[in-house]
A.B. asks: 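Okay, here's the structure, questions in a sec.
Residue indices begin at 1 and follow the sequence shown. The structure displayed is predicted, hence computed values, not measured ones. Both counts, for ligands and for their atoms, begin at 1 and track the order of listing.
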Amino acid sequence: MIENKFIPKPYPNTIENGSFTWSSPSNIALVKYWGKKEHQIPENPSISFTLDNCKTTTALSFSKKENQEEFSFEVFLDGEKKDDFKPKIKTFFKRVEAYLPFLKTYHFKIETSNTFPHSSGIASSASGMSALALCLMSIEKELSSDVSEVDFIQKASFLARLGSGSACRSLEGDLVVWGKHTEIKGSSDLFGVKYPYEVHENFKNYRDTILLVDKGEKQVSSTVGHNLMHGHPFAQERFKQANNNLSEIISILKKGDLDKFIAVVESEALTLHAMMMTSMPYFILMKPNTLEIINKIWAYRKQTGSKVCFTLDAGANVHVLFPDAETKNVLEFIQNELVVFCQKGQYINDKIGFGAKQS
Ligand code: DP6
């Protein structure tokens, strides 16, 4: 499937070499993407908060090369050569080659670093792939005569999606939707869009403290998990539910209804893991401490009337979400009752951010 809209016209300019650097955030989904069709098309729409502190910075240096038949690149993480990152990047290059016809004309040096520990279990594919897509777009912009800012971001998101689905939600905006939804104007399966409707004060500067429960490498990758949704007995119901939850989120965000927000977000997190537990083969990514934390959050909420809630991604770590106004109390609660369940007591305080930046 080729999307003609993203195939560039012949480039009027040439460049021999250069370097671009972008810093791109991670994101946490409220309504989850779990299940995809061919060509990285999601089975259902999703929406995420953009994070502010969890970022990947990528410098992409490039120089013209003689042999233009193969991709040529090297990857470094924190200055160390990382050959094990290469297969994923090669797959990405293959998928986007039709849209970036200069890819085989340069040798690339990709130097990347994360603001969060690489082995934290925090997905770096969203921030990593979006930062790389942005660097590639900066090259395309130099080669072209006119690329508008809107087209630049949209194509970067389109490319990032082909690297990792959730990466297309890491370009710009505090709330980002990916996947066609009838009630969200401009939404598309091909790229993420800034959430276009009114958002209540309650959701401004929302907080996310990420509790690092298990920093080990995941036993089952997201890509494998997505594939297990093919033929999954509950798949169709799940996709319907995600669509309905997105419809609900529109009015929740508008009215600032924190109780309904909690219900949708926690249900989404548990449904995601329920899909893993009910696929064939089945698997569990939560750890005993994940459940300890969830129970503590529920008890704290009952005791205090707090609006704190949790969400999970495809791993054991817990994202603790809460309104800005509750920061002091919830951070105290985390410190007193939850940190003991984190590996080496590690956690990351984050809040909602607004997207990627060039540097
Ligand atoms: C559980 O985007 O990592 O975080 O497209 O195969 O790279 P690929 O998967 P990925 O899946 C993320 C799934 C999730 C939910 C979400 O972010 O919506």
A.B. asks: Just to be sure I read this right, does ligand 1 sit under 4.0 Å from the backbone of L272, its side chain, both, or neither, counting only heavy atoms?
C.D. replies: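 The side chain, only.
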A.B. asks: For R161 and ligand 1, answer yes if some heavy atom of the residue is under 4.0 Å from a ligand atom, otherwise no.
C.D. replies: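 Per 4.0 Å heavy-atom rule, R161 does not contact ligand 1.
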A.B. asks: Taking the six-membered ring for Trp, are Y195 and F203 closer than 6.0 Å centroid to centroid?
C.D. replies: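 So the answer is no for these two rings.
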A.B. asks: If the cut-off is 4.0 Å to any non-hydrogen atom of K36, which atoms of ligand 1 fall inside it?
C.D. replies: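 Close to K36: 5 (O), 6 (O), 8 (P).
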A.B. asks: For the 3.5 Å polar cut-off, considering only N or O atoms, please tell me whether R169 and ligand 1 meet it.
C.D. replies: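 Checking ligand 1 against R169, an N or O pair does fall under 3.5 Å apart.
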A.B. asks: Consider every N or O of T223 and every N or O of ligand 1, then say whether any pair is closer than 3.5 Å.
C.D. replies: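 Yes - when backbone and side-chain N and O of T223 are compared with those of ligand 1, one distance drops under 3.5 Å.
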A.B. asks: With atoms numbered from 1 as shown, which atoms in ligand 1 lie under 4.0 angstrom from a non-hydrogen atom of A29?
C.D. replies: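 This gives 16 (C), 17 (O), 18 (O) as the contact atoms.
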A.B. asks: Any donor-acceptor pair under 3.5 Å linking the side-chain atoms of T112 with those of T58?
C.D. replies: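 On atom types as modelled, these side chains qualify, holding a pair under 3.5 Å.
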A.B. asks: Would you mind listing which atoms of ligand 1 come within a distance below 4.0 Å of any non-hydrogen atom of A314?
C.D. replies: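 Those of ligand 1 that fall under 4.0 Å from A314 are 1 (C).
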A.B. asks: I'd like the name of whichever of P42, A167, S166 reaches closest to atom 10 (P) of ligand 1 through any heavy atom.
C.D. replies: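 Minimum heavy-atom distance to atom 10 (P) of ligand 1 goes to S166.
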A.B. asks: Indicate whether any N or O donor in one side chain lies under 3.5 Å from an N or O acceptor in the other, for N13 and E142.
C.D. replies: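 No, because no side-chain N or O of N13 sits under 3.5 Å from a partner of the opposite role on E142.
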A.B. asks: Could you check whether any heavy atom of M129 sits closer than 4.0 Å to an atom of ligand 1, since that is the contact criterion I want to use?
C.D. replies: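 Heavy atoms of M129 never come under 4.0 Å of ligand 1.
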A.B. asks: Can the ring centroids of F191 and W178 be said to lie less than 6.0 angstrom from one another?
C.D. replies: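 They do not qualify: ring centres at least 6.0 Å apart.
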A.B. asks: Counting both backbone and side chain atoms, is some N or O of Y33 under 3.5 Å from an N or O of ligand 1?
C.D. replies: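 Min N/O separation from ligand 1 is below 3.5 Å for Y33.
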A.B. asks: In terms of atom number and element, which parts of ligand 1 are under 4.0 angstrom from non-hydrogen atoms of Q40?
C.D. replies: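 Heavy-atom distances to Q40 below 4.0 Å select 5 (O).
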A.B. asks: Could you tell me whether the side chain of Y347 reaches within less than 4.5 Å of the side chain of N349, counting heavy atoms only?
C.D. replies: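 N349 reaches Y347 side chain to side chain.
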A.B. asks: How about F73 and Y106: are their ring centroids closer than 6.0 Å?
C.D. replies: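 F73 vs Y106: aromatic centres not under 6.0 Å.
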A.B. asks: Can you see whether F71 has K90 sitting over its ring - NZ or CZ less than 6.0 Å from the centre and within 45° of the normal?
C.D. replies: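 No, K90 does not lie over the aromatic ring of F71.
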A.B. asks: Heavy-atom contacts with G165 under 4.0 Å: which atoms of ligand 1 show up? List them by number with element.
C.D. replies: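 Checking each atom against G165, I get 2 (O), 5 (O), 7 (O), 8 (P).
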A.B. asks: If I apply the N/O under 3.5 Å rule, does S46 come out as touching ligand 1?
C.D. replies: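 No; the residue has no nitrogen or oxygen that sits under 3.5 Å from a nitrogen or oxygen of the ligand.
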A.B. asks: With a cut-off of 3.5 Å and sequence neighbours excluded, list every side-chain donor-acceptor pair involving residues 94-101.
C.D. replies:
{"residue": "R95", "atom": "NH1", "partner": "L162", "partner atom": "O", "Å": "2.5"}
{"residue": "E97", "atom": "OE2", "partner": "K104", "partner atom": "NZ", "Å": "3.1"}
{"residue": "Y99", "atom": "OH", "partner": "E3", "partner atom": "N", "Å": "2.9"}

A.B. asks: Would you check the N or O atoms of K88, main chain and side chain alike, for any that come under 3.5 Å of an N or O of ligand 1?
C.D. replies: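 It does not: no N or O of K88 is found under 3.5 Å from an N or O of ligand 1.
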A.B. asks: Judged by modelled atom types alone, do E74 and H107 share a side-chain donor-acceptor pair under 3.5 Å?
C.D. replies: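 E74 vs H107: donor-acceptor pair found between side chains.
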